[in-house]
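Note that these values count all heavy atoms, side chains included, but never hydrogens, waters or copies made by symmetry.
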Amino acid sequence: MQPETLDKSYEPAEVEARWYEFWEENGLFHADPHSGKPPYSVVIPPPNVTGALHMGHALNNTLQDVLCRYKRLAGFEVLWMPGTDHAGIATQNVVERQLASEGRTRHDLGREQFIERVWQWREEYGGRIINQLKRLGASCDWQRERFTMDQGLSRAVREVFVRLWEEGLIYQGDYIINWCPRCHTALSDLESEHEEVKGGLYHIRYPFKNGKGYLVVATTRPETLLGDTAVAVNPKDPRYRNLADDTVLLPLLGREMPIIRDEYVATDFGTGALKITPAHDPHDFEIGLKHNLPSIRVMDDNGAINAEGGPYAGLDRFAAREKVLADLEAKGLLEKKEDYLHSVGHCYRCKTMVEPILSKQWFVKVGPLAETAMRAVETGRTRIVPEQWNKTYFEWMTNIRDWCVSRQIWWGHRIPAWYCACGEVIVSRETPQTCPKCGGAELRQETDVLDTWFSSALWPFSTMGWPDQTPELKKFYPTSCLVTAFDILFFWVARMMMMGLKFMDEVPFKDVYIHALVRDASGQKMSKSKGNVIDPLIMMDQFGTDAFRFTLAAFAAQGRDIKMSEERIAGYRNFVNKIWNAARFTLMNLGGEQEAAPAQPLLEDRWIISRVNRTAAQVAQAIEEYRFNDAANLAYQFTWHEFCDWYLELIKPFLYGDDPARRAATQATLREVFSRVLILLHPFMPFVTEELWHKLPGAQGSVMRAQWPSGEEAESDPQAEQAMGLLMEVIGAVRNIRGEMGISPGQEVEVIWAAGDEAAARLLTSHQDRVLALAKAKSVRQASPGETPQKAASAPLGAVTVYVPLAGLVDFSAEAQRLDKEIAKAEKDLAASQKKLGNQGFLAKAPQEVVDKEKAKASEAQSKLERLKENLARVKSFM
RNA sequence: AGGCACGUAGCUCAGGGGGAGAGCGCUACCCUGACACGGUAGAGGUCCCGGGUUCAAAUCCCGGCGUGCCUACCA
């Protein structure tokens, strides 16, 4: 049979295109809820339908894929539930922009047609990110792909809304909310992102009604004075105990307003006098309620001053501010302006400055839900990894405020509430025909839709068919793990916890793994405006998906952000190529048939089998503990530096040699070990491993269906590992001498060794050919009894001393220098050990095994030092 | 204002009470029949500073300095 040949270097593009289709066609990602295997389930953090794959997605989904692919290999029935999120505001914005380019607005279309248009948009472009996830190799169960606006999920949303309403956990009311004047909708507190803004603190004179002077008020938002209905001072403030009057006149508008006294007012900030604008500030709103003040809303939905603002009506809020200030100045009412840095809310979708405005909205009462959600983490029903995030989670849950869930946009789940002319509000699963109170049939549905996160909060169970009792829910809920970045810990994780516990009576996930943020090479957050985004798709094109994924995994250390750089990806591209070439070598040297395992395994066989299994166990444990970087590095180190550097070199003589039995045995071990290497790399590098798996003669099916090497196969062989260790040390010593002496690679050397113990002697005697091959020696022999090779470089190892005769090769001063260096090292080691051993406290208090180890170290260093010194003396005698 | 991280090789970072590690970069030599996206050898570190705990501190504690992030209604 013609041995399979591979190209000299790996070309990812062509290979990657092939295998994804293969996996999907063969249903390898599909989860069977009736399987007898133990379940492992993950729900994808649904990306926005408007989204394009960025580094954050790439990391997030790579880690999930590593978990899922590993778990399949480890014998679990894995469900990775995929889908997208309808991203209400963002999607509406995108489609509105599209309309704008046609010179139209959504109002030209009307609600129905606009929504139709959004669905069209979704048909056309909504699959983009899904395809990009496929490109990344994500092994999601696409047959189950969901969308937060699809029918099933919409039913779940409605069910949840109605039940919360019935239990009094949803209410409607007038409160101060965050209003985005550009998106024309209310936002939740979370969606208002605070940013530092350079502003002013303006000191404004509010004249007393009786004309006897004025009260000075400090504010950062002078335009809101148009809506002031009082001025407040602290009753304890001596400055304001005896005021000239108890009524002031609102500057510019002349409205009479009371001076009220409230402990809320800080005496040490500004002037100690606070203007009260109940319709435009959350605290003022509270104070207004307490003191029965009227609320005057002076801004419209565009953030422009409305009719209540009198002469300022029609001005945009920023223009109004300028005008108000100018007019105050002109009237001598502006006392001073201080520069002031404060943080102001901005719309998380469009970055417009958010306006706190009094408005009627729907709210979820989160207190009771948060309580349960908090306890679930406290009691360990859900575990947050790394646990440092517990604190953040608890803090947020403790200080949580009611959640404004209504949005004044069109794209989303319309709130299932109807208004009757009689004033009745009907919340219902089905569209009501008549008012249950007055029997009227003229019902008007609420126009608001729900916050997108409301539907996302149900994701772990709504995607599995809830509110029906489905086999999927039975098998896969609660999910095993949620993988996400911390920036949506509150937005999403916390809310899923609340909803899962409320409606499933069970946590939505057992583990939450919180991974890092991906930054650019200098640690900056990537953003389009900074122009420092690294596009994952370009990286995949350039270096291959496997290299890219491996880089992400190798970087994913817990608790630290990732600084992505192309050089690093290039490094792992080289690793993929190394694997490719190891395969090339393997295939060139395997027969077509499956050879029997060696009857008499050699040291190399025993060693590499033991090592690959140990590595597989370590990689498995690292993945289980979410130490993705450790897992990747363990696989890397083993594959490159043990399998390639040592094992492949060690077996070449057998493969090229003329002992057919030995060759067949070696081939069998090589084939077996290489297939295990492919398995343990597969979670990280699905494409190249699948490709090579199929090239291996005798391979069955997909590597995805293979079994993770179990550590229990009784193939662990510490003795072989130790013996190989000594052999590697001896070879290393000769190589070191060669390198340091400047003996050229082409020049062969003699190697003579002396062993201090029987076992080492036996090992070296029977494996001299390995030293010969790997150290490029022309001969290897044991020193005769009593012989000390003269004119030789030497290296004292533990039980062995290695000599390399130098006569005629190099002059001895180089060896003297090398020995000097070695001596210095040994002396340092010895001194450190002796210092410890000379310390009575150490001997008395340190654990016995530490003391013993130290003693062994000292005597080893001592013996090494003596031999080095002897050698140096001998070398010098020839100089 | 509070909270959370992080300062370890030239760069990017692992590690985490008893032998300073990796990748990249660098130096020297080598196109050895898998691989120059490679091989062999090597150089390079006050583990931010100062105290403390301990027989023992890069590691734990306290205090600085520096950096990053998150939360927050003092107008």
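A donor-acceptor pair is defined here as one N or O able to donate and one able to accept, closer than 3.5 Å; such a pair exists between the side chain of A/D546 and the backbone of A/V688. Between the side chain of A/H280 and the backbone N or O of A/V298, at least one donor-acceptor pair lies under 3.5 Å. In terms of modelled atom types and a separation under 3.5 Å, the side chain of A/R663 and the main chain of A/G657 share a donor-acceptor contact.
Dashed line: the shortest gap from a side-chain N or O of A/N574 to OP1 or OP2 of B/rG38 is under 4.0 Å. Contact check, A/W646 against B/rG39: no side-chain N or O comes under 4.0 Å of OP1 or OP2. One finds no side-chain N or O of A/K275 lying less than 4.0 angstrom from the OP1 or OP2 phosphate oxygen of B/rA75. Remark: A/H641 is not in phosphate contact with B/rG21, judged by side-chain N or O atoms under 4.0 Å from OP1 or OP2. Proximity of A/R584 to the phosphate of B/rC35: a side-chain N or O atom is located under 4.0 Å from OP1 or OP2.
Side chain to side chain, A/Y348 and A/E193 fail the donor-acceptor criterion of an N or O pair below 3.5 Å. With hydrogens and angles left out, the side-chain atoms of A/T398 and A/E395 include no donor and acceptor closer than 3.5 Å.
Looking at heavy-atom distances under 4.0 Å, A/N839 makes contact with sugar-phosphate atoms alone, never a base. If you check every strand for non-hydrogen atoms under 4.0 Å, A/R735 touches sugar and phosphate atoms only. Using a 4.0 Å heavy-atom cutoff across all strands shown, A/G272 reaches at least one base atom of the nucleic acid. Among the heavy atoms of the strands, none lies under 4.0 Å from A/H203. If you check every strand for non-hydrogen atoms under 4.0 Å, A/P282 touches nothing. In this structure, A/T219 reaches the sugar-phosphate backbone alone: every heavy-atom distance under 4.0 Å involves primed, P, OP1 or OP2 atoms, never a base. Note on A/F674: nothing from the nucleic acid sits closer than 4.0 angstrom, heavy atoms only. Within the nucleic acid shown, A/F575 has no heavy atom closer than 4.0 Å to any nucleic acid atom. In this structure, A/Q840 reaches neither bases nor backbone, as no heavy-atom distance under 4.0 Å exists between it and the strands shown. Residue A/K652 is in base contact, counting any heavy-atom pair closer than 4.0 Å across all strands shown. As judged by a 4.0 angstrom heavy-atom cut-off over every strand, A/E649 is placed among the base-contacting residues.
Closest to the side chain of A/F490, out of B/rC24, B/rA41, B/rU71, is B/rU71. Closest to the side chain of A/Y340, from the set B/rA41, B/rG39, B/rA75, is B/rA75. In this structure, of B/rG23, B/rC69, B/rC35, it is B/rC69 that holds the atom nearest to the side chain of A/F486. For A/P745, taking side-chain heavy atoms from C-beta onward, the closest of the listed nucleotides B/rC29, B/rA36, B/rC74 is B/rC29. Of the candidates B/rC73, B/rC4, B/rA72, B/rC73 carries the atom nearest the A/Y264 side chain, counting heavy atoms from C-beta on. When each of B/rA75, B/rG23, B/rG39 is scored by its nearest atom to the side-chain atoms of A/D645, the top-ranked nucleotide is B/rG39. Comparing B/rC35, B/rG38, B/rG3 by their nearest atom to the side chain of A/K391 picks out B/rG3.
From A/Y206, atom OH reaches atom OG1 of A/T271 across 10.0 Å, with rounding to the nearest 0.5 Å.
The local environment of CZ in A/R401 is sparse, with at most 12 non-hydrogen atoms from other residues, nucleotides or ligands closer than 6.0 Å. Environment of NZ in A/K578: crowded, with over 12 heavy atoms of neighbouring residues, nucleotides or ligands closer than 6.0 Å. Within a 6.0 Å sphere centred on CD of A/E387, other residues, nucleotides and ligands contribute 12 heavy atoms or fewer.
Using the Watson-Crick or G-U wobble rule with both distances under 3.5 Å, B/rC47 pairs with nothing in any strand shown. Of all nucleotides present, only B/rA1 satisfies the Watson-Crick or G-U wobble test against B/rU71, with each distance under 3.5 Å. When both pairing distances are held under 3.5 Å, B/rA41 makes a Watson-Crick or G-U pair with B/rU27. When both distances must be under 3.5 Å, the Watson-Crick or G-U wobble mate of B/rG66 is B/rC6. A 3.5 Å limit on both hydrogen-bonding distances identifies no Watson-Crick or G-U partner for B/rA36.
Remark on RNA chain B: of its neighbouring residues A/A570 and A/G841, the 5'-side contact belongs to A/A570, judged by nearest-heavy-atom nucleotide. Comparing A/F585 and A/L274, the nucleotide of RNA chain B nearest to each residue sits closer to the 5' end for A/F585.
Note: CZ (A/F394) to P (B/rC70) measures 22 Å, nearest angstrom. Per the geometry, CZ belonging to A/R568 stands 10 Å off P belonging to B/rA14, to the nearest Å. Rounded to an integer number of Å, the gap from A/E395 CD to B/rG3 C1' is 5 Å. For A/H194 and B/rG2, the NE2 to C1' distance is 15 Å, given to the nearest whole Å. Between the CG atom of A/D630 and the P atom of B/rA14 there is a distance of 11 Å, rounded to whole Å. If you take CG of A/L201 and P of B/rC73, they are 18 Å apart, rounded to a whole angstrom. Atom CG of A/N577 is separated from atom C1' of B/rC37 by 5 Å (rounded to the nearest Å). Rounded to an integer number of Å, the gap from CG of A/L634 to C1' of B/rG21 is 13 Å.
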Considering only nitrogen or oxygen atoms on both sides, find all protein atoms under 3.5 Å from nucleotides 16-20 of chain B and state each distance.
residue, atom, partner, partner atom, Å
B/rG18, O2', A/K836, NZ, 3.2
B/rG19, OP1, A/K857, NZ, 3.0

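For B/rG16 and B/rU8, the C1' atoms lie 11 Å apart once the distance is rounded to whole Å. Nucleotides B/rC11 and B/rG25 place their C1' atoms 7 Å apart, quoted to the nearest Å. Taking atom P in both B/rU67 and B/rU12, the straight-line distance is 16 Å, to the nearest Å. The same atom, P, is picked in B/rC6 and in B/rC55; the two are 28 Å apart, to the nearest Å. B/rG17 and B/rU53 have their C1' atoms separated by 11 Å, with the value rounded to a whole Å. Here, B/rU71 and B/rC60 have their C1' atoms 28 Å apart, quoted to the whole Å. Between B/rA14 and B/rA9, the two P atoms lie 12 Å apart (nearest whole Å). Nucleotides B/rA20 and B/rC13, compared at atom P, are 24 Å apart to the nearest Å.
Pairs engaging residues 638-657 of chain A under the salt bridge (charged side-chain N to carboxylate O under 4.0 Å, His left out) rule: A/R611-A/E642, A/E649-A/K652 [sequence neighbours left out]. Sorted by first and then second residue, the salt bridge (charged side-chain N to carboxylate O under 4.0 Å, His left out) pairs with a member in residues 271-280 of chain A read A/D228-A/K275; sequence neighbours excluded.
For a distance-only test at 3.5 Å, the side chain of A/K578 qualifies as a donor-acceptor partner of the base of B/rC35.
Taking the six-membered ring for Trp, A/F684 and A/F550 have ring centres closer than 6.0 Å.
For A/Y656 and B/rG33, the ring-to-base geometry satisfies the stacking test (centroid distance below 5.5 Å, interplanar angle below 30°).
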